[in-house]
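Structure first, commentary second.
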Amino acid sequence: MNNNHGTILLVEDNDNDVVFMQRALKNADLLNPLQVVNDGEQAIDYLTGRGTFSDRTKFPAPILVFLDLKLPTKSGLEILRWLRESPEFKTLVVLVLTTSNEPKDIESALKLGANAYLVKPSMFSELTELMKATKAFWLNFNHFV
Amino acid sequence: MNQSLDTCLTVLVLTPSGNDSLNAMTVLRDAGMQPVHCANLTEACDHIVQGAGALLIAEEAFTSAETGHLMKTLAEQEPWSDIPIVLITAGEDITQAGLEKLQIVAPAGNVTLLERPLRPSTLVSSLRVALRSRRRQYQIRDLLEQQQQSRNELEKRVEERTAQLTETIAELEAFSYSVSHDLRTPLRAMQGYSEFLWEDYSARLDDTGKDYLRKILQASGRLDHLVQDILTYSRLSRGEWELKDIRLQKLLTDVIESYPMLQPSNIDIVGEFPLLSVRGHEGSLTQVFSNLLTNALKFVPDGRKPRVKIRTELADGQVRLWFEDNGIGIAPAYWERIFKMFEKAPGEKQYDGTGMGLAIVRKAVERMGGRVGVESTVGQGSKFWIELPRAHEQ
């Protein structure tokens, strides 16, 4: 199974982390189109194709979401709950990517239906390794609905 | 609100209408008491419930049917209350019905029998005794109420303190959470851009420039370790732990497998098998193992290959687990201090450490109900030990 064309949505409010992700994805040869939104409301607008994101040719529905937990307007956990309650997004692959390694957050995210819980590594080189592994597992081996 | 003692110390008088009743009322009033005339036993019972000092009652003044009501009222008194009853019997002329009533009432209450013919002085002295004991009962009631009140106040204070503590704990948790997120985010940016600088521009830097960059990377790496260690430590202080039997042999193997730097090329880890099993919390014990093994790896003199021997023994019914290394050793003056936060032994400066590793070990072991310690010879090595309860099943 190969999904090297589907759009990836990165929900991340920190500009530096966006830069790191863009570079890590490139280093990992994960070349799918990447779209970035900076807060919870925007994430929901993008996913439902509302407002500025209504043009689906420019903003295609994602096949995979990287979701930060601590976000303005709506938290990552709120987005996750909303996603799993909407029939359309029940099966969307959502990988939580956050600084928090609090057991409480891990448990909440997994219970709400995150496909994986990833902690942002301290070193950029480790982020590259993480994206290589993500590409191999989620885009090459995993089967999508 | 309780009624005043004066009201409570009235004498309820229930004697047949006529001379006898009038007589008793007068005699008692003349003696300085507060007699209250009751028309029947039901009315007297109502007064008892409201509060009264004593009940003066003539045997012929109530019917057998009413005794039930009196018995019920007596039985329902507060634990401190036992109202004195002075019962005037008919003397030698008592009827069979009267006898039956006496047999029921007399043993059930705090009853004094007075036989006719009755002298006023006998009546007065009997009721004085009755009221005196009744006064004592009311004093006991007041003491009990005071006690209850202080108990209530104490409970209220405990509740307030608990609420304050809960709030403080919640604040601390919020604090360590934001330390995790807010401190590490800019730190990650510093590390990340330093790495970019290294990857993209190091060719254009001279040796001094490269050295500066290396130092930035090292320092930010150390800060990152420190933040993570503080978080680990604070996480050890909270939350409920479910303790279970842990096979140390398996735990040791798992730890070695999951830490690349603990491979045989870096360190000789020798287990003196079989190891005894302990009762503990697996995640925290894994942390303890990795901290102690990493220390054995880190604190060795140049040119010596790190080696650590792991063995268990029984000490006073507890399992004592030893980590014996061939490292730089610790002077006796520091054997206790190194388990405190941010404490480092002299000579440790050249080694990379946050000063948190052993504090984490101690915190984790103590929360599992155990102890830690060390014995050491400077230059030859240290023997760290942790003591934990035995597993339920060995």
Side-chain angles (χ1 to χ4, degrees), chain A residues 10-29 36 38-40 66-78 96-111 117-133, chain B residues 169-170 172-202 213-214 216-242 260 281-284 286-287 354:
Chain A
L10 172 64
V11 187
E12 172 62 69
D13 65 315
N14 186 296
D15 293 342
N16 293 327
D17 280 332
V18 172
V19 172
F20 295 145
M21 274 297 278
Q22 285 165 335
R23 183 155 167 160
L25 291 170
K26 200 171 132 225
N27 286 359
D29 207 21
V36 182
N38 306 115
D39 68 43
F66 286 110
L67 181 65
D68 193 8
L69 287 188
K70 216 179 164 192
L71 291 167
T73 68
K74 263 196 167 58
S75 78
L77 291 180
E78 282 174 274
V96 168
L97 182 63
T98 172
T99 39
S100 166
N101 54 4
E102 287 292 310
K104 198 178 65 189
D105 287 334
I106 300 172
E107 193 185 332
S108 307
L110 294 178
K111 275 188 177 163
Y117 190 100
L118 309 171
V119 176
K120 289 175 188 170
S122 312
M123 301 283 292
F124 171 73
S125 51
E126 290 167 9
L127 186 64
T128 299
E129 290 307 310
L130 183 57
M131 288 307 123
K132 281 182 186 162
Chain B
I169 290 171
L172 279 174
E173 285 187 7
F175 173 75
S176 55
Y177 184 90
S178 49
V179 164
S180 146
H181 201 276
D182 299 344
L183 271 185
R184 288 192 66 208
T185 300
L187 185 56
R188 232 182 28 256
M190 284 156 65
Q191 283 179 293
Y193 287 115
S194 304
E195 284 178 80
F196 286 7
L197 205 53
W198 185 263
E199 281 174 16
D200 299 350
Y201 296 95
S202 61
L213 195 48
R214 241 192 306 268
I216 293 173
L217 276 165
Q218 269 172 7
S220 49
R222 242 196 330 270
L223 183 54
D224 188 53
H225 276 151
L226 185 57
V227 172
Q228 291 195 40
D229 278 354
I230 292 172
L231 278 169
T232 305
Y233 188 87
S234 80
R235 203 174 295 131
L236 287 176
S237 319
R238 49 201 156 94
E240 291 292 316
W241 287 4
E242 199 190 329
H281 178 251
E282 193 165 350
S284 306
T286 304
Q287 180 87 50
T354 60

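Letters go in sequence order (proteins before strands), and every chain restarts at 1. Note that the coordinates shown come from a computational prediction; the quantities given were computed from them, not determined experimentally.
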Exercise. Does the Glu195(B) side chain pair with the main chain of Met123(A), one donor and one acceptor, at a distance under 3.5 Å?
Worked result: no
Exercise. Do you know which of Ser194(B), Ser220(B), Ala189(B) has the most heavy-atom pairs under 4.5 Å to chain A?
Worked result: Ala189(B)
Exercise. Partners of Asn27(A) by side chain to side chain donor-acceptor pair (under 3.5 Å), sequence neighbours excluded?
Worked result: none
Problem set entry | Salt-bridge contact Glu199(B)-Arg23(A) (side-chain N to carboxylate O under 4.0 Å) | yes
Exercise. How are the rings of Phe20(A) and Phe196(B) set to each other: parallel, tilted or perpendicular (split at 30° and 60°)?
Worked result: perpendicular
Problem set entry | Gap separating the NZ atom of Lys120(A) from the OG1 atom of Thr185(B), nearest 0.5 angstrom | 6.0 Å
Exercise. If every non-hydrogen atom of Ser122(A) is compared with every non-hydrogen atom of Gln191(B), which pair is closest and at what distance?
Worked result: O-OE1, 3.2 Å
Problem set entry | Atom pair CG/CZ of Leu127(A) and Arg188(B) - distance to nearest 0.5 Å | 8.5 Å
Exercise. Does a donor on one side chain sit under 3.5 Å from an acceptor on the other, for Arg235(B) and Asn101(A)?
Worked result: yes
